[in-house]
There are 2 protein chains.
Amino acid sequence: MTKKVTIKDIARELNTNYSTVSRALNDSPKISDATKQNVLRQAKLMGYQPNSFAQKLKKGYSNTIGLIVPRINRVFFSNVIHGVETIAKQQGFNVIICQSNESVKDEEDNVKTLLSNNVAGIIMSISKETQTQDSFQEILNNKIPFVMFDRALNNLVSNQVVNDNFKGAYEVTAHLIKQGYQKIIHFSGPLYINIYQDRLEGYKKALEDYKIAFNPNFVIENTLTKDKGIAAVEQLLKQKIDFDAIFASGDYSALGAILCLRQHEILVPEQVGVAGFANEPFTELLDITSVEQFSTDMGKSAASLLLDKIQHKDTSDQHQNIEILPQLIIRKSTQKL
Amino acid sequence: MTKKVTIKDIARELNTNYSTVSRALNDSPKISDATKQNVLRQAKLMGYQPNSFAQKLKKGYSNTIGLIVPRINRVFFSNVIHGVETIAKQQGFNVIICQSNESVKDEEDNVKTLLSNNVAGIIMSISKETQTQDSFQEILNNKIPFVMFDRALNNLVSNQVVNDNFKGAYEVTAHLIKQGYQKIIHFSGPLYINIYQDRLEGYKKALEDYKIAFNPNFVIENTLTKDKGIAAVEQLLKQKIDFDAIFASGDYSALGAILCLRQHEILVPEQVGVAGFANEPFTELLDITSVEQFSTDMGKSAASLLLDKIQHKDTSDQHQNIEILPQLIIRKSTQKL
DNA sequence: TTATTTAATACAAACGTTTGCACAAATACA
DNA sequence: TGTATTTGTGCAAACGTTTGTATTAAATAA
């Protein structure tokens, strides 16, 4: 690595003071246009790159924000990342991305890493394991701007960007009912996480509105993966439970359900309708009804909100709660009619 | 944001000098165990967080590496990111991720951003547009460690981690031939990018080895998206070209081809066999033959290589070229037999 | 006992910026 | 012409660390 050029080097070359160079580079109104030109030319000539550490140290803040997601390589999250990146870059901010691998322990480490990197704010979606705010208590203590997206804790008030999961779930369920399905199983997730709770509520409300009795046994908790979806259907069949539809709180368990039903030569959608949630790319290819969450938009919203807080554009001390309207995408897997 | 605690604050509290505190925190052998204990306790008590900017300024280097990918939200790349993150975190490094959006312009901006953030090294896969090294010339000038993965420039010698694309393509083609397909179309990508060139070569070599004449008209360049795949098949059919298989250099155009063939009621694999490249998740679900690239491993390799260079574990000034062996995944779309 | 070594800590400079203040030169006003 | 104001630049402190050197006290050797 060749020796870095500093403003002092430029100043020396130009027979001027380095403070002048600094001001010129920062386009200060105190500096004459002539010197600005000069400095800029010389800086370019010498290949000057400002030392961001010195800048940040002096200024006391960084243009970096932190983003914690459970898994980077999940379509939903990588879309969110994409959205966050886009907005951040637009406003001159960098993003450090961490993944919690769905583990509280990793989550806590991530928080430490980000804080010790002096990020200006943090955006995060909690891991499936996370049941308390212990792992990110330090963020709250440090009082740096903080936004949660998608998954948040039910009992914690914070800046949030979430889907209107209640509505999404309500619409899926209502759609199933309108298609003539009556005995609808719900695959749920951990209920201490807001989104799964909300989806369950939406499901219940739709049943209620359409005068279908809610059967607690029809809710199968913590069934979000393909394998769990398969296992759940196996179980249902073995127990000879009479059902004609499945609304899964995630696409992967919906996929598992379909694969398992197909295995048992049960026709989808004729005998059993199946719907998921998240609109993963494969749902389009496999014609599975799902709910689009506009994940990129969610990332953009979260980033905008955080940056407003960081840049004090949003001076209200209140917590904001942004809801994104999801959209039901009807496909073959639920079209009995 | 509450006032940050510094080592000076700790020193004042302990009636000692801040240099002592610094050394104690860094576990210097010059400091007695008693004081170390003291300092550590006090630091914890006061909630001390080192200011990383000051540290980096003083030390002159950072523990951050940069990663430029064409798109964050592509499974292949998000897996690579995952791999890079994993290794980086293990070794105490952070990763700043940038996306070029397949644009040279953005790529150049990314490079600037990363350099001005004083990253310790850069890992990158070029955009589809990138035909010269202009956009990242600054990295080469700056002489900071640099590793390219997957997509690289054909005529540039650099540290690289790539798949053995030649081998992968050879195996796909050989497999098609063994299945009885004779007239194999190849959907290619931009040929100034190494990987597409290599895949073309692999395809050619297989044809040669199996004594099938190579027909230049059977190579359709720059056909990597679903839409381009559809368009290409439409074109082939319209021109009444006689073919019985398609080897696409990417899964999306393979998907497009299948959808279009299905539209025209041409049976896959009976009448036309179709294979892709990359083993995108949907290929498994749709039973499309493809080539697994071990993308997470690729990210891990790239990160390891870069970190070796950064930490001078690899002192050789030579450029390393790591090849990852891809694996042919045979599925229904090519199983005529 | 005194001289010498060792151990532990204190002092101060440095990293590369930004920025308040002082100052000189140039311009405006009386 | 003299004074007040503006404009542009220089000086120096500060941000929070790390680290070479100086200093002190204690421990050892002579």
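Below, each value reflects all heavy atoms present in this structure, side chains not excepted, and no hydrogens, waters or symmetry copies. Below, chain A is the first sequence line, B the second, and so on; all start at residue 1.
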query = A/Q55 side chain N/O closer than 4.0 Å to the phosphate oxygens (OP1, OP2) of C/dT18?
reply = yes
key: D/dC15 OP1/OP2 closer than 4.0 Å to side-chain N/O of B/T6   = no
Can you list every ring-ring contact (aromatic ring centres under 6.0 Å, His included) pair that touches [range], not counting sequence neighbours?
{"range": "residues 114-154 of chain B", "result": "B/F136-B/F146"}
{"range": "residues 24-62 of chain A", "result": "none"}
{"range": "residues 101-127 of chain A", "result": "none"}

Base, sugar-phosphate or nothing for [X]? Non-hydrogen atoms, less than 4.0 Å.
{"X": "B/T16", "answer": "sugar-phosphate"}
{"X": "A/Y61", "answer": "nothing"}
{"X": "B/T35", "answer": "sugar-phosphate"}

request  = Look at the side chain of A/S304 and the backbone N and O of A/K300, then say whether any donor-acceptor pair between them is shorter than 3.5 Å.
outcome  = yes
key: Among C/dT9, D/dT17, C/dT17, the nucleotide that comes nearest once only the side chain of B/N51 is considered   =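 Out of C/dT9, D/dT17, C/dT17, the nucleotide with an atom closest to B/N51's side chain is D/dT17.
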remark   = Of the listed D/dG16, C/dT17, D/dT17, the closest approach to the B/K8 side chain comes from D/dT17
key: Any pair counted as salt bridge (Lys or Arg N to Asp or Glu O under 4.0 Å), so long as it reaches residues 89-107 of chain A, sequence neighbours left out   = A/E85-A/K89, A/E102-A/R151, A/K105-A/D109
inquiry  = B/N141 and side-chain hydrogen bond (donor to acceptor under 3.5 Å, both in side chains): which single residue from B/Q137, B/K143, B/E138 fits?
reply    = B/Q137
request  = Check whether any side-chain heavy atom of A/I126 lies under 4.5 Å from a side-chain heavy atom of A/Q133, and answer yes or no.
outcome  =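 No, side chains not in contact.
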query = Using rotation axes that map the C1' atoms of four end pairs onto the next four (five pairs an end), what angle separates the end axes of the helix from C/dT1-D/dA30 to C/dA30-D/dT1, to 10°?
reply =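 End axes: 50° apart.
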Find every protein N or O atom lying less than 3.5 Å from an N or O atom of nucleotides 19-22 of chain C, and list the pairs.
residue : atom : partner : partner atom : Å
C/dG20  : O6   : A/R23   : NH2          : 2.5

